[in-house]
Number of protein chains: 2
Amino acid sequence: MHRATLREVAVMAGVHPATASRALNRQTEGLVNAETAARIKRIAAEMGYTPNPIARSLKTSRSASIGLVIPDLTNPLFPPIVRGVEDVLRPIGYNAWIVNTDSRPDVEKAAVESFRQRNVEGFVFATAHLKHPLLDELAAASTPMVLVNRRSTRTDIPSVTPDDAAGVAMAMQHLVDLGHTKIVHLAGPQDLSTGVNRRRAFLASLDELGLPAESSRVIICDEWSEQAGAKGMRAMLDSGPDFTAVLAGNDLLALGVYDALSERGLRCPDDISVVGFNDIPFMDKVFPALTTVRIPHYEIGAEAARLLLEVLRDPNRHPRSLLLPLTLVVRSSTGPVRAGN
Amino acid sequence: MHRATLREVAVMAGVHPATASRALNRQTEGLVNAETAARIKRIAAEMGYTPNPIARSLKTSRSASIGLVIPDLTNPLFPPIVRGVEDVLRPIGYNAWIVNTDSRPDVEKAAVESFRQRNVEGFVFATAHLKHPLLDELAAASTPMVLVNRRSTRTDIPSVTPDDAAGVAMAMQHLVDLGHTKIVHLAGPQDLSTGVNRRRAFLASLDELGLPAESSRVIICDEWSEQAGAKGMRAMLDSGPDFTAVLAGNDLLALGVYDALSERGLRCPDDISVVGFNDIPFMDKVFPALTTVRIPHYEIGAEAARLLLEVLRDPNRHPRSLLLPLTLVVRSSTGPVRAGN
DNA sequence: GTGAAAGCGCTAACAA
DNA sequence: TTGTTAGCGCTTTCAC
């Protein structure tokens, strides 16, 4: 099946290809006689003409595309972010090229390189580390980009992140309201803004709530995973201070906490209360029910796309970062039916 | 930052760009004097030359890319499939362009069109309907493609799918072994191969197990969602036959079944047993524990990519479809700890 | 308001 | 074995 080219449209319309090009582009449409332009458009439509994006991209070095760099799509945190990005971009004719990096810097570097060769106009990164040489490079080259969920120490890179500190404060207040005074924290990796911010907010909260802010009340997990959460919880049970409640750095760590408590014959929430973070999809189904801090995943993606589009439109605009508000989702397993087994 | 072009490499090496092109491509490398080729490669490496994929694609109409068409990435069934596809393609320098269609034919059509314009070399579709005009068109045009998870009535399109019939038989045998004789089925949409195959296998299983294969034992849900599952289950409770066990067409429907049973004050598995299908990620966390049929999601993606690569290498090869074996995952909530609430 | 000409960076047929 | 030529389909400067 042959696909019409601009040249063919031009021939049919009896004009030069350059004129056809002008008529068919919003920007340059005004340069063409209105009637001629209308004729060209009609003929183009009849012939089912659509511009070849490859040829256009080769000529213009643009692509109407952005690169979306995700650590791992099988982490349910990310698909809603992807959807948010896509839903904002699609109506304006942009699309997102998605890549999984598996949190590997080499894969990320190769992906970014590949995207740049394909003339992506900007990036959304969900992979930011606090120290992140690749991001520094891109920032130095003024590459349009927005970070989501996590930030870098380079705070001049625009970002859209959850208000971790406020979320932690809400969770801590909740635990205190339940009567807890002996609370511990399983922190995430400390090379990530989320891991650091939540840990700091935990210690600050202890202090503000009049509880001793002992650093022994924090154990750092080396990744955001159920396994790491279980390992951290075991360490806390073995050699940490007494506690009746755990603030997990995210929901996956909280699942690991459940596993470790279960191994030791401890019950939730009878013996130990657990609070998570993120409210990833399907967290409302787990047992024991998990109270957690909900992050607006979809909106994070959507806002990131909007922010990136702003940067693309006005590259000199002062960088802005968004902090999105969170909500505490209180859940309990003591409903009338499911509790029975 | 300037990026070296082939022309610049050629100038540095003192050869014509065509020679440089030959030297730097595996296929044509042999046409060039070995020493010259080595020199060109060395200089290219020194200059950090990498071929511009856009220019190459414009010239060759190839792209080293395939289109991966997904209904909805937030359905946890799909991310592992995506990973499987990517992991097979990446080592050979191919990549997958992912798009979400939201199950909308117009979005799918536009995405496929866009991919074709970008010279994708083939497609993996996770969106197949039994009747699917777009797939028929592509098949008629001999477009290389592979269907995953679902098939079309055009059985000459290669596919990689779970062995639904075998999975249903395993699940049914399990229920019968537990002593159930009054079993019902919540079927998925009947315009999808998965919905139809599982429903048929359910009826066939009833028959083979010596149970009456009454069609009243099936209710069809109009989408694969928790909401649709709850609605279907309510209808079954209100006007269906007596039953003690439910085979849900997939895990999301099973979650809806839980909701509906809970509303009516029925307990799982005390009053009603439920079996799901797919074993999507995080299903091991739900309560009451869900016994389900596990589909090898990642392998489905990986095999689909391999099959597509075969088709690309030999377009005339007879189409093959793969049926992947499933396993029954038996779970129970009666562990020593979590049962206590 | 329109056309002519050039070229984005690459590869493939043909010629030498 | 290498160079010449042409062109993939488009946009954009310049000239008319």
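Quick note on labels: first sequence line is chain A, next is B, and so on, each numbered from 1. Predicted model, so just to flag it, every value in this text is computed and none were measured. The figures that follow rest on heavy atoms only: side chains count, while hydrogens, waters and symmetry mates do not.
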Any carboxylate oxygen within less than 4.0 angstrom of a Lys/Arg side-chain nitrogen, looking at Glu113(A) and Arg116(A)?
no
Separation of dC8(C) atom P from Arg3(B) atom CZ, nearest Å, is 16 Å
Does the side chain of Arg150(A) come under 3.5 Å of the side chain of Thr194(A) through a donor N or O and an acceptor N or O?
no
Separation of dC8(C) atom P from Gln117(A) atom CD, nearest Å, is 16 Å
Rounded to whole Å, the CD1-C1' distance (Ile54(B) to dC10(C)) equals 12 Å
If you measure only the distance, is there a donor-acceptor pair under 3.5 Å linking the side chains of Ser61(A) and Asn119(A)? no
The helix from dG1(C)-dC16(D) to dA16(C)-dT1(D): angle between terminal helix axes, five bp per end, to the nearest 10 degrees, reads 40°
Does His16(A) make a side-chain N or O approach to OP1 or OP2 of dA4(C) shorter than 4.0 Å? yes
Any side-chain N or O of Arg56(A) less than 4.0 Å from the OP1 or OP2 oxygen of dG7(C)? no
Between CG of Leu24(B) and P of dA12(C) the distance, given in whole Å, is 13 Å
Its 5'-most and 3'-most nucleotides having an atom under 4.0 Å from a non-hydrogen atom of chain A, DNA chain D is contacted over dG9(D) to dT13(D)
**Q.** NZ/NE/NH1/NH2 to OD/OE distance under 4.0 Å, Asp136(A) and Lys131(A)
**A.** no
Rounded to whole Å, the CD-P distance (Gln27(B) to dC10(C)) equals 18 Å
* Select base, sugar-phosphate, or nothing to describe what Ser61(B) touches, counting heavy atoms under 4.0 Å on all strands. => nothing
*Judged by modelled atom types alone, do Asn95(A) and Ser65(A) share a side-chain donor-acceptor pair under 3.5 Å?*
yes
Using the ring of each side chain (for Trp, its six-membered ring), is Trp97(B) parallel, tilted or perpendicular to Trp97(A), with breaks at 30° and 60°?
parallel
Review point. Looking only at N and O atoms, is any donor in the side chain of Arg22(A) or the base of dG3(C) less than 3.5 Å from an acceptor on the other one?
Key: yes
Is Glu303(A) salt-bridged to Arg306(A), going by a charged N under 4.0 Å from an acidic O? yes
| said: Could you check whether His132(B) and Glu137(B), counting side-chain N and O atoms only, form a donor-acceptor pair closer than 3.5 Å? | reply: no
Of dG1(C), dA4(C), dA12(C), the nucleotide closest to the side chain of Lys59(B) is dA12(C)
Exercise. Under 4.0 Å: is that the gap between some side-chain N or O of Asn25(B) and OP1 or OP2 of dT11(C)?
Worked result: yes
When rounded to whole Å, the CD to C1' distance for the pair Glu8(B) and dC8(C) reads 13 Å
### Message
Checking Asn100(A) against Arg90(B): is there a side-chain donor and acceptor pair closer than 3.5 Å?
### Response
no
Distance-only polar pair, side chains of Tyr94(A) and Glu121(A), donor-acceptor under 3.5 Å:
yes
Review point. Does dT11(C) have OP1 or OP2 sitting under 4.0 Å from an N or O in the side chain of Ser21(B)?
Key: yes
Rounded to whole Å, the CG-P distance (Leu58(A) to dT11(C)) equals 12 Å
Sorted by position of nearest nucleotide on DNA chain D, 5' first, the leading residue of Thr19(B) and Thr28(A) is Thr19(B)
